[in-house]
Each structure stands twice: as C-alpha cells, then as structure tokens.
Amino acid sequence: MVANRACIAHPLAFPYRSQVTMTDNQLRDAALSAKAWPYEEARRLLKRYANGAPAKGHVLFETGYGPSGLPHIGTFNEVLRTTMVRHAFATLSDIPTRLIAFSDDMDGLRKVPDNVPNKAMLAEHLGKPLTRIPDPFGKYESFAHHNNAMLRQFLDRFGFDYEFASSTDYYEGGRFDDALKNVLRNYQGIMDVMLPTLRAERQATYSPVLPVSPKSGVVLQVPVEVLDAETGMIAFVDEGERIEQTILGGKAKLQWKVDWAMRWVALGVDYEMAGKDLIDSVIQSSKIARVLGGRPPEGFNYEMFLDEKGEKISKSKGNGLSLDQWLTYGPDESLAFYIYREPKKAKALHMGVIPRAVDDYWQFRANYANQPVEQRLGNPVHHIHNGEPPAETLPVTFGLLLNLVGVMGEASKEQVWGYLANYVPDATPEKHPALDALIGYALAYGRDFIAPTLVRRAPVGVEVAALRRLDAELAALAADTAAEDIQNIVYEIGKTGGFDELRDWFKALYETLLGSSQGPRMGSFIALYGIANSRALIADALARAE
C-alpha cells in the first residue's frame, strides 16, 4: 500500500519545487519578508535547518488521515495547505523535500460511520484494526483499503506530489520495530507525560501500548507490563487470561498521541499541521517525542470547517460538503482559494459559499499580472498555481452568470452563450474556455439552488413609478448601449425616484425582476440579458402590481 508517485498534469499542479528558479533573487528576497502565511511557515521551518540540510538529506512534510470514515474536504485541506508551505519552502531553500500522506489504518474502529452501507456488519467488527474489517462497499480487501483508495483518488486528481504510507504496512512490515522498542525503553517517561492529563479512572487502565487480542482481534485498552524492551515482549490480561506477546509485527499499536510522537521520531518528520481541536494532542505528542530522543516537527494549528449548523465537519457524520459536491458547482481553483484564505479562522463550508469563492478567486487572478512581486506573493493565486497563474481572465462574473440563468429558467450552454453575445465581443467557448466551464457550473448551481428559491414579488409604492421610468429610459436606448451607460440611468432613477435610500431601489430591482434579495450591477445585467428581454421582465413585474 506504500506508493511513490510522480506529479500528474492538472490545472492546479502542485509540484514540490517552485517553478521560479532560485537564481531569481527578487523573488527570494521578497519571500524572505512576505506576510503570506505559507511564507511565514516556510521561514520558521528554514530556521530549523539554518546550517544546511538534515542528515537524512531532505525536509519531511507529513499529513495524517484517519480512515475510519470517507475522506472529505477537511482531509484535502490539510494536504493542500501543507503543499503550499512546501512550495514556499522550496522558494527559500534548495534542500530537497518529501511529503508523506500517512493513513492511521491500524486504529481500531470505535463507532460505525453514518454515511456507509452495511452498518450491521461493521458493528460486528468494532474495535478491530481498520485494515482487518471487511469493506462495507464490497470493493476492497478491507474498510481501510477502501477509504485509503478514496483518499488517493482525490489527491491524485489534483496532481499532488506525495508518498502514501499505511500504518498497517509500517507496523506489520517492521518499519517501526526499532521505534516500538524505544517506546518500551522509555515506557515510564511516556507514562509520566500522559498520566497527569487523564482522569483518575482512566489512569488506572492507561497504557501507551495497545495489544491486539489474539482471541478477538480487537485493539485492547488494557494495562500492560513490559517484559523485555529489546525483544518487544509485554504481558497483559485478555478475557481473564494472562497473555505474553510481542508488540512487533502488527501484534500491537500505540495510543494515538504516542503513535503520533513515535512516527515523528521514527520518520524524522519536520513539518505537520493540525486542526485547532488537536492543540492539546500536539503538546503532549511533542513532549513524548522529546522523551523518545527526537525533535517535534514545526507546524501550526488551523481552525476547523463548520457545516451550515456551525458544527465541526466529521468524516463519520458525513456532514458538510464533499469534494465532489463542491466540484459539481464550482471549479477546482475556487475550492483551493477558499481553503487558502484565513487558515486560523473558522469558516462555514456549505453550498452557499461557492459563488463568492468563485468570484473572489477570479478577482485576485485578474489583479495578479499588474502587481509588484511583493503583492504577488501575498495573492492567493500565487500559492494556488505555484507562482504561475494562467493568463485568461473572465469578461463576466460568476454572480452575473447565476443571475442570468436564474431569469432564463431551463437553459443550455448554447443559449447562455447567445446572451453573452450581447455583452462580450466575439464570445465563443473556444476563445473563453474558462468562461465556458463556468457556464456549466452556473447552470448546475442555478438549477439546484437558485431556481427553487426564486420568488418575484409585485412592486409597491414608489417602486412602480420607478420601474415605469426605467422601462421608458431603456426603450430609448440602442440595443448595444454600454453597461456603464445603463448603470448611470439606473443610478439616477434611484436617486430621484423617491426612495429613502438608494439601496432600497436596487433591492426592489432584485426582488421584483430577479426574484432574489441580492443581485448584480443592474447595468451589467441588462446589457447581458438584453434591453428587450429586460423590458419584458419589467412588464411582468408591473403586471403583478395591477
């Protein structure tokens, strides 16, 4: 299950080396003081090896995955953010780097996830290592093998440069044997770290080592006695019987805080980030790493993604968005943009955030070309595209496309392109491939989330006269009148139409013409939708007022 793989071609393509050579002193000098968080992290990591490369010859980045549930965006988030730090480090240093995506698949299954089939079957295997539980999907040799495959599929989809590692393979294959013996040698020191953090009843049964029962196959939470650290022998009670058993060869695993620390030391991990909910675990694992004679990795704690209810996204619950759900309604880059920004701020992750993420991404991308190098290094698209964002820009916003498909109802890409001809000179999918893709996302999002919510109300009071005035003004315009000229007319009507505030006029336009409480610049929308079609919307609205 361990695989080395090369980076595959993809629009985001996350190679481990910067695409700008280290001879570019301007870039390197700017990176040394850039305030973007990946560069701040990279500089901290650079100080770890101020005197040159470590003895192992590379800097090791690690991300962890618990395959007790299906991968979700939070899993992807950690690999993406770590890769951004890795890229920033490559800008500052020529020390080679590696990234390991480590699956904790020796863990015992503690509860049955909500979002999988064959729950009754899984319930019969509670407590067993995840690689020794049948796959409820019936596709792989175990539940962990299935979920590990799902993890690798979506990491591969984005072209990450990584090495997959399986805890089971490392335990059973002897990769951790020396490290496990070291745990037994330092057993009491580890207990001294952990026991003060536990409740009295847990202290009585706690052990850093979890033997796998030879009777039931369950990962046991029982006290153990160290018999011989050099051979890995321990003793424990299993169903009333004293058992003497080695901890090597997959016959045991470690409590996860101890496991985490052991792995850091055994592999020489230099950088690993973790969620804010694991701050205490990072502290305890760092202490244990020092007991084992190692140095804890660098890293920072990011805030968690929340679902619409404000609850933490969980693999076992399956709440929040899946990767496939986001990518049904928004492009890859929009997801990467959302993940990049403000990693230490809790953010909601639901369908409603996608449109804004799409437009914000494109706005930052449009700004990139004209920015000095210092500002480019703080621009999210620099980190999303490794300093090489594509040149194509958008002639319309995603929000404007959503408003268009909202009033069109059932529509095809071809029909949307027909409207775009009113707004974009020589508009074709061939000249604007990114826009063509966005039209597909807009049609899907509009169909599933906008159309069911649209309710166009009747205009009231001063709104009626203002709409009649707007209709008359539009009737006098040429079909190809510029969006800005139309916007000026709309704006003037709002200022002189008797509204308490100008925003009341725009809100009335959105609610009566578009059926939404929010909307685009109306000048842009009317130019895109067409003056004749926009007048038809106004006529329908005025008819509802009668």
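Quick caveat, the model's predicted, so the values are computed rather than measured.
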Would a distance-only check, ignoring hydrogens and angles, find a side-chain to backbone donor-acceptor pair under 3.5 Å from Y445 to M351? yes
Once you round to the nearest 0.5 Å, how far does CZ of F89 lie from CD1 of I95? 4.5 Å
Judged by atom type as modelled, is there a donor-acceptor pair below 3.5 Å linking the side chain of Y361 to the main-chain atoms of A336? no
Got a second to check how far I489's CD1 is from R469's CZ, nearest 0.5 Å? 10.0 Å
Residues at least two apart in sequence or cross-chain that pass ring-ring contact (aromatic ring centres under 6.0 Å, His included) with W505, listed by chain then number, are F499
Apply the test side-chain contact (heavy atoms from CB on, under 4.5 Å) to residues D270 and F61: give CA-CA distance (whole Å), side-chain angles for both, the deciding distance (0.1 Å), then the verdict. CA-CA 6 Å; D270 295 301; F61 294 78; over 6 Å; no
Over 12 foreign heavy atoms within 6.0 Å of CG, D280: yes
Is any side-chain heavy atom of Q375 closer than 4.5 Å to one of N379? no
Taking N367 for its side chain and Q363 for its backbone only, find out whether a donor-acceptor pair lies under 3.5 Å. yes
Residue pair E342 / K347: nearest heavy atoms and the distance that separates them: O-CE, 4.2 Å
Spell out, as yes or no, whether a donor-acceptor pair under 3.5 Å connects the side chain of D471 to the backbone of L467. no
Within the supplied structure, the quantity of interest is the number of heavy atoms (other residues, nucleotides, ligands) at a distance under 6.0 Å from E303 CD; does it exceed 12? yes
Using the ring centroid of each side chain, check whether F102 and Y65 are separated by less than 6.0 Å. no
Checking the side chain of D485 only, and the main-chain atoms of T481 only, is there a donor and an acceptor separated by less than 3.5 Å? no
Only residue of L502, L470, N488 satisfying side chain to side chain contact (heavy atoms under 4.5 Å, CB included) with I493 is L470
Taking all heavy atoms of A458 and all of T512, pick out the closest pair and write down the distance. C-CG2, 4.2 Å
Would you say F76 and W326 make side-chain contact, with heavy atoms under 4.5 Å? no
Would you call R152-D156 a salt bridge at under 4.0 Å N-O? no
Strictly distance-based, threshold 3.5 Å: is any side-chain N or O of S524 a donor or acceptor partner for the main-chain N or O of P520? no
Count the heavy atoms belonging to other residues, nucleotides or ligands that lie under 6.0 Å from NZ of K276, then report whether that count exceeds 12. no
For the atom pair CG (L60) and CD (E163), what is the distance rounded to the nearest 0.5 Å? 8.0 Å
Residue pairs meeting salt bridge (Lys or Arg N to Asp or Glu O under 4.0 Å), one or both in residues 440-457, sequence neighbours left out, come to R457-E463, R457-E511
Student check: side-chain heavy atoms of L438 and W362 closer than 4.5 Å: yes
Do the side chains of R521 and E484 get close enough for a salt bridge, i.e. N-O under 4.0 angstrom? yes
Could you check if a side-chain atom of V116 sits within less than 4.5 angstrom of a side-chain atom of F143, using non-hydrogen atoms only? yes
For a 4.5 angstrom cut-off between non-hydrogen side-chain atoms, does L477 reach I486? yes
R81 and I339: CA distance, side-chain angles, deciding distance, side-chain contact (heavy atoms from CB on, under 4.5 Å) verdict: CA-CA 8 Å; R81 286 175 173 165; I339 286 174; 3.7 Å; yes
Answer yes when R86 and D161 have at least one side-chain N-carboxylate O distance shorter than 4.0 Å, and no when they do not. yes
For the residue pair Y338 and D360, confirm or rule out a side-chain donor-acceptor distance under 3.5 Å. no
For G387 and H87, which heavy atoms make the closest approach, and how far apart are they? N-CE1, 4.4 Å
Calculate, to the nearest 0.5 Å, the distance between atoms CE and CD1 belonging to M84 and I384 respectively. 5.5 Å
For the side chain of S334 and the backbone of P331, is there at least one donor-acceptor N/O pair under 3.5 Å apart? yes
Measure the CG-OH distance between L99 and Y162 for me, rounded to the nearest 0.5 Å. 9.5 Å
Using the rule given for side-chain contact (heavy atoms from CB on, under 4.5 Å), can you reason through E40 versus K35, listing the C-alpha separation, both sets of side-chain angles and the distance that settles it, and then say yes or no? CA-CA 6 Å; E40 291 179 340; K35 294 182 180 179; 4.3 Å; yes
Taking Y368 as the fixed residue, which of R376, H382, H385 is the one that meets the side-chain hydrogen bond (donor to acceptor under 3.5 Å, both in side chains) rule? H382
With a 4.5 Å heavy-atom cut-off, do W37 and Y302 have their side chains touching? no
With a 4.5 Å cut-off on side-chain heavy atoms, are V424 and L528 touching? no
Contacts under 3.5 angstrom, residues 389-407 side chains, donor-acceptor by atom type, not counting sequence neighbours:
residue : atom : partner : partner atom : Å
E392    : OE2  : A434    : N            : 3.1
T397    : OG1  : L400    : N            : 3.0

H350 side-chain N/O to G352 backbone N/O, donor-acceptor pair under 3.5 Å: yes
Should the heavy atoms of other residues, nucleotides or ligands under 6.0 Å from CZ of F137 be counted, would the total exceed 12? yes
For Y140 and H146, I'd like to know if the aromatic rings sit close, meaning centre-to-centre distance below 6.0 Å. yes
Output yes when a side-chain donor or acceptor of R43 lies under 3.5 Å from a complementary backbone atom of A31, and no otherwise. yes
Atom pair CD/CD of E62 and E78 - distance to nearest 0.5 Å: 9.0 Å
Any idea which heavy atoms bring L513 and A541 closest together, and the distance? CD2-CB, 3.9 Å
Apply side-chain contact (heavy atoms from CB on, under 4.5 Å) to residues F525 and L537 and explain how you reach the verdict. CA-CA 12 Å; F525 175 79; L537 286 179; 4.0 Å; yes
P117 and P136: which non-hydrogen atoms are nearest, and at how many Å? O-CB, 3.2 Å
Under 4.0 Å between a Lys/Arg side-chain N and an Asp/Glu carboxylate O for R535 and D540? no
For residues S412 and L443, report the shortest heavy-atom separation together with the two atoms involved. C-CD1, 3.9 Å
Whether the side chain of D436 engages the backbone of P429 through a donor-acceptor N/O pair (distance < 3.5 Å, no angle test) should be reported. no
Contact between I354 and Y441 at the side-chain level, heavy atoms closer than 4.5 Å - yes or no? no
